[in-house]
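Can you keep this structure in mind? I'll have questions shortly.
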Amino acid sequence: MATKLSRRDFMKLSAGTAGAAYLASALSPFIAEAKAAGTKLPVILFEGQACTGCSVSMLNTISPDIATVLTEVIDLHFHATVMASAGEMAWDYVEKVAAEQKGKYVLVVEGAIPRGENGNYCILGENKGKELTMLDALISYGSNAAAVVALGTCATYGGFPAASPNPTDCAGVSEILNEKGIKTPVINIAGCPPHPDWIIGTIAYVALGLGIPELDKLGRPTMFYSPIIHDNCPRRQYFDNGIFAEKYGDPGCLIEIGCKGPIAFCDATTRFWNGGVNTCIVCGGPCIACTSDEFPNYPIYERIPEMPLGTGGTASINQVGLVLGGLTVAGIAGHLACNVLEGRIGLPKLEDHDKKEGDE
């Protein structure tokens, strides 16, 4: 599909709240061009072990709205939650689409994929008298797709279903496909749930003929997942001045009551949610790093001494260590390190914090 929209231009219009505000108008001429050419991206969406929250987030997209997406950007051929057909009729149709559009359609997967009991913990339906597991569906349809979009942290890294003790032995899309030797490109749209812009922006990027967006080491589109929450946190001045909240509702940095902003990569501090109204931190809650591959395998609402870095290692908040871009930077985003080394900030020691709690 021909388009004059460059990758650089798309990255620009996708960056931040300002980009979100005019995303629809900026994409309109290219969507119109695609519509005139009669070309829409064929999409098949399967739900594994999930709560459907990612689909709800996607349906709540504003710029462009979901009606525009479904009528002018993509052809959504299968989504059990929103489609009218079911049973044999639905499976006959999706098989027909997958055969005719082999190597052209995008498979979107929501939810984790259980491997235990040969995948029988998650049955999508019955096709020609045989139960179809989510595991088999991912392998079969994923191997013939142009790309697979893992929608939400359950689909990307396992999320809640894969948290210890993981009784169904489930995993994220990339892990399953890698185990099976399937080389289909995977785009991870992490988040619990992901912001609608992250979902629609990524799908629009592919639909407009721009290929696979630039991805970070965890497979996430860098146009949405490069910023660190801590760097643009509205409570950052409290952190810089060593003021820490002890309970919800207190002024101060929220690290002591569980904020994971220093290890959370996404643009949620500048791309507001709920129609541009707020973010988790603006609402008074700490960041839970739901875009992390370690989520939720740590105490979500507690300060923890060992913070997973997403690189296989950990670092103590008191040691103030973080791995950025493959390089060990002494300090959270560099700025904190200078403050600590120069004595302007003294992070409370964990043992002091524990002692204080014991006194109470």
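Nothing fancy with the numbering, it's 1 onward along the sequence. Because only heavy atoms are used, hydrogens play no part in the values below, and waters and symmetry mates are left out as well, while side chains stay in.
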- Item | Shortest non-hydrogen contact from Gly53 toward Pro193 |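 Closest approach of Gly53 to Pro193: O-CB, 3.7 Å.
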- Task: State, to 0.1 Å, how close Val186 and Ser174 come at their nearest heavy-atom pair, and which atoms those are.
- Result: CG1-OG, 3.3 Å
- Item | Check: Glu110/Ser55 side-chain N/O donor and acceptor closer than 3.5 Å |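 Indeed, the side chains of Glu110 and Ser55 share at least one donor-acceptor pair under 3.5 Å.
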- Side-chain touch Val206/Val106, heavy atoms, less than 4.5 angstrom: yes
- Message: If you define the side chain from C-beta out and look only at heavy atoms, does anything of Val148 sit under 4.5 Å from Pro185?
- Response: no
- Any Gln49 side-chain heavy atom under 4.5 Å of Thr168 side chain: yes
- Item | Ala264 to Cys287 - nearest heavy-atom pair and separation |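 Looks like CB-SG, 3.5 Å.
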- Lys183 side-chain N/O to Gly181 backbone N/O, donor-acceptor pair under 3.5 Å: no
- Message: Can you tell me how the ring of His230 sits relative to the ring of Phe239, calling it parallel under 30°, perpendicular over 60° and tilted otherwise?
- Response: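 His230 vs Phe239 ring planes: perpendicular.
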- Task: Treat each ILVMFWY residue as a node, draw an edge where side-chain heavy atoms are under 4.5 Å apart, and state whether Met58 and Val82 are in one component.
- Result: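 The answer is yes; both residues are in one hydrophobic cluster.
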- Message: Within the structure provided, determine whether Cys122 and Pro114 are in side-chain contact (heavy-atom separation under 4.5 Å).
- Response: yes
- Is Ile182 linked to Ile44 within one hydrophobic cluster, defined over Ile, Leu, Val, Met, Phe, Trp and Tyr using a side-chain heavy-atom separation of less than 4.5 Å? yes
- Hey, are Arg115 and Glu175 close enough for a salt bridge, meaning a charged N less than 4.0 Å from a carboxylate O? yes
- So, for Pro286 and Gly258, which heavy atoms are closest and what is the spacing to 0.1 Å?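 For Pro286 and Gly258, the tightest heavy-atom pair comes out as CB-C, 4.0 Å.
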- Task: Ignoring hydrogens and angles, state whether a donor on the side chain of Asn60 or Ser57 is under 3.5 Å from an acceptor on the partner side chain.
- Result: no
- Candidate pair Leu76 and His79, rule side chain to side chain contact (heavy atoms under 4.5 Å, CB included), full reasoning: CA-CA 7 Å; Leu76 184 58; His79 188 323; 3.9 Å; yes
- Task: Report the distance from atom CG of Leu138 to atom OG of Ser143, rounding to the nearest 0.5 Å.
- Result: 9.0 Å
- Message: Would the distance check show the side chain of Asn118 and the main-chain N or O of Asn120 forming a donor-acceptor pair, the cut-off being under 3.5 Å?
- Response: no
- Query: Is the Tyr105 ring parallel, tilted or perpendicular to the Tyr141 ring (thresholds 30°, 60°)?
  - Reply: perpendicular
- Message: Any carboxylate oxygen within less than 4.0 angstrom of a Lys/Arg side-chain nitrogen, looking at Glu126 and Lys130?
- Response: no
- Could you walk me through whether Met223 and Thr202 pass side chain to side chain contact (heavy atoms under 4.5 Å, CB included), step by step? CA-CA 9 Å; Met223 58 188 175; Thr202 300; 4.3 Å; yes
- Task: Would you check if the side chain of Asp216 reaches a backbone N or O of Arg220 as a donor-acceptor pair within less than 3.5 Å?
- Result: yes
- Message: Is there a path of hydrophobic side-chain contacts, each under 4.5 Å between heavy atoms of I/L/V/M/F/W/Y residues, joining Val97 to Ile203?
- Response: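 Hydrophobic grouping puts Ile203 apart from Val97.
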- Message: Looking at every heavy atom in both Thr184 and Ala145, which two are closest together, and how far apart are they?
- Response: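 Thr184 and Ala145 have their closest heavy atoms at CG2-O, 3.5 Å.
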- Task: Identify the heavy atoms of Leu254 and Ala245 that sit nearest to each other, and give their distance.
- Result: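 So the two residues come closest at CD2-CB, 3.9 Å.
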- Query: Side chains of Ile300 and Phe295: does their closest heavy-atom pair fall under 4.5 Å?
  - Reply: yes
- Message: Between Thr279 and Thr269, does the side chain to side chain contact (heavy atoms under 4.5 Å, CB included) criterion hold? Intermediate values first, please.
- Response: CA-CA 7 Å; Thr279 68; Thr269 53; 5.5 Å; no
- Query: Roughly how far, to the nearest 0.5 Å, is the CG atom of Leu45 from the CZ atom of Phe78?
  - Reply: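 Between atom CZ of Phe78 and atom CG of Leu45 there are 9.0 Å.
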- Are Leu70 and Val149 joined in one hydrophobic group, where the rule is that I, L, V, M, F, W and Y side chains link up if heavy atoms are under 4.5 Å apart?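 Yes, same cluster.
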- Item | Spacing of CG belonging to Asp250 relative to CD1 belonging to Ile257, to within rounding of 0.5 Å |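 Reported to 0.5 Å precision, the distance equals 7.0 Å.
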- Option among Gln101, Lys102, Lys104 that satisfies the side chain to side chain contact (heavy atoms under 4.5 Å, CB included) test with Asn144: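 When Gln101, Lys102, Lys104 are each tested with Asn144, the side chain to side chain contact (heavy atoms under 4.5 Å, CB included) holds only for Lys102.
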- Task: Applying side chain to side chain contact (heavy atoms under 4.5 Å, CB included), run through Lys40 and Val73 and close with a yes or a no.
- Result: CA-CA 5 Å; Lys40 292 194 292 183; Val73 180; over 6 Å; no
- Item | Flag side-chain contact, heavy atom, 4.5 Å: Trp273 against Cys280 | no
- For the pair Phe244 and Tyr238, evaluate ring pair (Phe, Tyr, Trp, His ring centres under 6.0 Å) and give the outcome as yes or no after the intermediate values. CA-CA 7 Å; Phe244 297 91; Tyr238 289 122; 9.6 Å; no
- Task: Please work out whether the ring planes of Trp198 and Tyr225 are parallel, tilted or perpendicular, with thresholds of 30° and 60°.
- Result: tilted
- Task: Answer yes if the ring centres of His195 and Phe272 are under 6.0 angstrom apart, and no otherwise.
- Result: no
- Message: Within this structure, what is the CG-OG1 distance for the pair Leu151 and Thr156, rounded to the nearest 0.5 Å?
- Response: 9.0 Å
- Message: Any side-chain to backbone donor/acceptor pair from Arg235 onto Cys253? Under 3.5 Å, distance only.
- Response: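 Between the backbone of Cys253 and the side chain of Arg235 there is no qualifying donor-acceptor contact (under 3.5 Å).
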- Item | Thr153 side-chain N/O to Ala190 backbone N/O, donor-acceptor pair under 3.5 Å | no
- Query: Quick one: do Asp240 and Arg236 make a salt bridge, cutoff under 4.0 Å?
  - Reply: yes
- Item | Pairwise side-chain contact, Thr133 with Leu124, heavy-atom cut-off 4.5 Å (strictly under) |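 When only atoms from C-beta onward are counted, Leu124 and Thr133 do not touch, as no gap falls below 4.5 Å.
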- d(Ile66 CD1, Ile199 CD1) to nearest 0.5 Å is 9.0 Å
- Is it true that Tyr121 and Ile113 fall in one hydrophobic cluster, defined by side-chain heavy atoms closer than 4.5 Å?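 Looking at the clustering, Ile113 is in a separate group from Tyr121.
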- Message: Please report the interatomic distance CD1(Ile123) to CG(Asp136), rounded to the nearest 0.5 Å.
- Response: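 Nearest 0.5 Å value for the CD1-CG distance: 8.5 Å.
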- Task: Answer whether the closest heavy-atom distance between the side chains of Pro213 and Ile187 falls below 4.5 Å.
- Result: yes
